[in-house]
Amino acid sequence: GENVEQHPSTLSVQEGDSAVIKCTYSDSASNYFPWYKQELGKGPQLIIDIRSNVGEKKDQRIAVTLNKTAKHFSLHITETQPEDSAVYFCAVINFGNEKLTFGTGTRLTIIP
Amino acid sequence: GAVVSQHPSWVICKSGTSVKIECRSLDFQATTMFWYRQFPKQSLMLMATSNEGSKATYEQGVEKDKFLINHASLTLSTLTVTSAHPEDSSFYICSARDSGDHEQFFGPGTRLTVL
C-alpha cells in the first residue's frame with residue numbers, strides 16, 4: 001500500500017518568517033495531494049490541494065509544489081502568523097481506490 | 001464549502017457499553033463516507049469506507065463486528081462501537097465525499113472516553 005512520510009515532525013518559526021513542510025510518497029499512481037490543518041480537538045480542514053497534472057499551486061500565503069518524478073510535495077506558508085500554529089497533515093490519494101493516506105503530521109508553532 | 005457534522009462531540013461511557021456516533025452531510029449528498037480514528041499526537045487512520053446502501057469496507061485489522069457502520073441515507077452514516085473498552089478511547093472523525101469529486105469534507109470529530 002501507499003506509504004507517506006512527512007518532515008519535520010515539529011517546526012518552530014518566528015512570526016513573519018516562512019515555513020516549509022515536506023512529504024514523500026511511494027505509489028507513483030497517486031494523483032491527488034491535499035494538505036490539512038488540524039487545530040486542537042477539531043477535525044482536519046483542507047487548506048490547499050494539488051493534482052498530478054500541476055506542478056505548483058498558490059492561494060494567498062499558502063503554496064504547494066509537486067515533483068511527481070521524485071514523488072514528493074511540499075507546503076509553503078509565507079508571512080506566518082500566530083493563527084497558523086496547528087498540526088498540518090499531508091495526504092495522498094489514488095483515484096483508483098479513493099482512499100486518503102495521511103502523513104504523520106507536523107506541529108507548527110509560530111513564535112510571536 | 002460543504003459542511004459535515006458529527007454528534008456527539010464527546011462521550012464518556014462505561015466499559016462494556018455501546019456508543020453510537022452520527023455523521024451527517026448538511027448541504028450535499030454523500031455517496032461515500034469514511035471513518036477515521038486518531039490517537040493522541042498521531043495521524044488519522046482509516047477504519048472503513050461506506051457507500052450509501054451497501055456494506056462498509058473495513059481496513060485490515062479493524063473488527064467489523066466491533067465497529068458497526070451503517071450508511072442508510074445519502075446524508076447520514078453511523079458508527080457504533082460495541083462493547084467498548086478503554087483501549088477504544090480515541091478521537092473518531094468522519095468524512096464525506098460526493099460522487100464525481102475527490103475532495104473529502106471532514107467532520108469536527110467525536111472524543112470517546114471509555115472508563
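What's counted below: heavy atoms across the whole structure, side chains too, no hydrogens, waters or symmetry copies. Remember, it's a predicted structure, so these values are computed and weren't measured experimentally. We name chains A, B, ... by the order of the sequence lines, and we start the count at 1 in each one.
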Under 4.5 Å from any heavy atom of chain B, what part of [X] do you find: side chain, backbone, both or neither?
| X | result |
| --- | --- |
| A:Q38 | side chain |
| A:P34 | neither |
| A:F89 | side chain |

* To do: Report yes or no: do B:V81 and B:L46 belong to one cluster of Ile/Leu/Val/Met/Phe/Trp/Tyr joined by side chain heavy-atom distances under 4.5 Å?
  =>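 Looking at the clustering, B:L46 is in a separate group from B:V81.
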
* Treat each ILVMFWY residue as a node, draw an edge where side-chain heavy atoms are under 4.5 Å apart, and state whether A:I93 and A:V4 are in one component. =>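 Not linked; separate clusters.
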
* With a 4.5 angstrom heavy-atom cut-off, could you sort out which part of B:L44 is near chain A: side chain, backbone, both or neither? =>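 B:L44 touches chain A through backbone and side-chain heavy atoms alike.
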
* Asked: To the nearest 0.5 Å, what is the distance between OG1 (B:T32) and NZ (A:K99)?
  ->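 If I round to the nearest 0.5 Å, the distance is 12.0 Å.
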
* **4.5 Å side-chain heavy-atom contact, B:F105 and A:L46** =>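 No - every pair of side-chain heavy atoms lies 4.5 Å or more apart.
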
Do other residues, nucleotides or ligands put more than 12 heavy atoms under 6.0 Å from [X] [atom1]?
| X | atom1 | answer |
| --- | --- | --- |
| B:L115 | CG | yes |
| A:Q60 | CD | no |
| B:E22 | CD | yes |
| B:K66 | NZ | yes |

* Interface residue of largest heavy-atom contact number with chain A, from B:Q104, B:M45, B:R111, B:Q6, under 4.5 Å ->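 Of B:Q104, B:M45, B:R111, B:Q6, B:Q104 has the most heavy-atom pairs under 4.5 Å with chain A.
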
* Asked: Between A:P44, A:G41, A:A91, A:G103, which has the largest tally of heavy atom pairs under 4.5 Å with chain B?
  ->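 Answer, by heavy-atom pair count under 4.5 Å with chain B: A:P44.
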
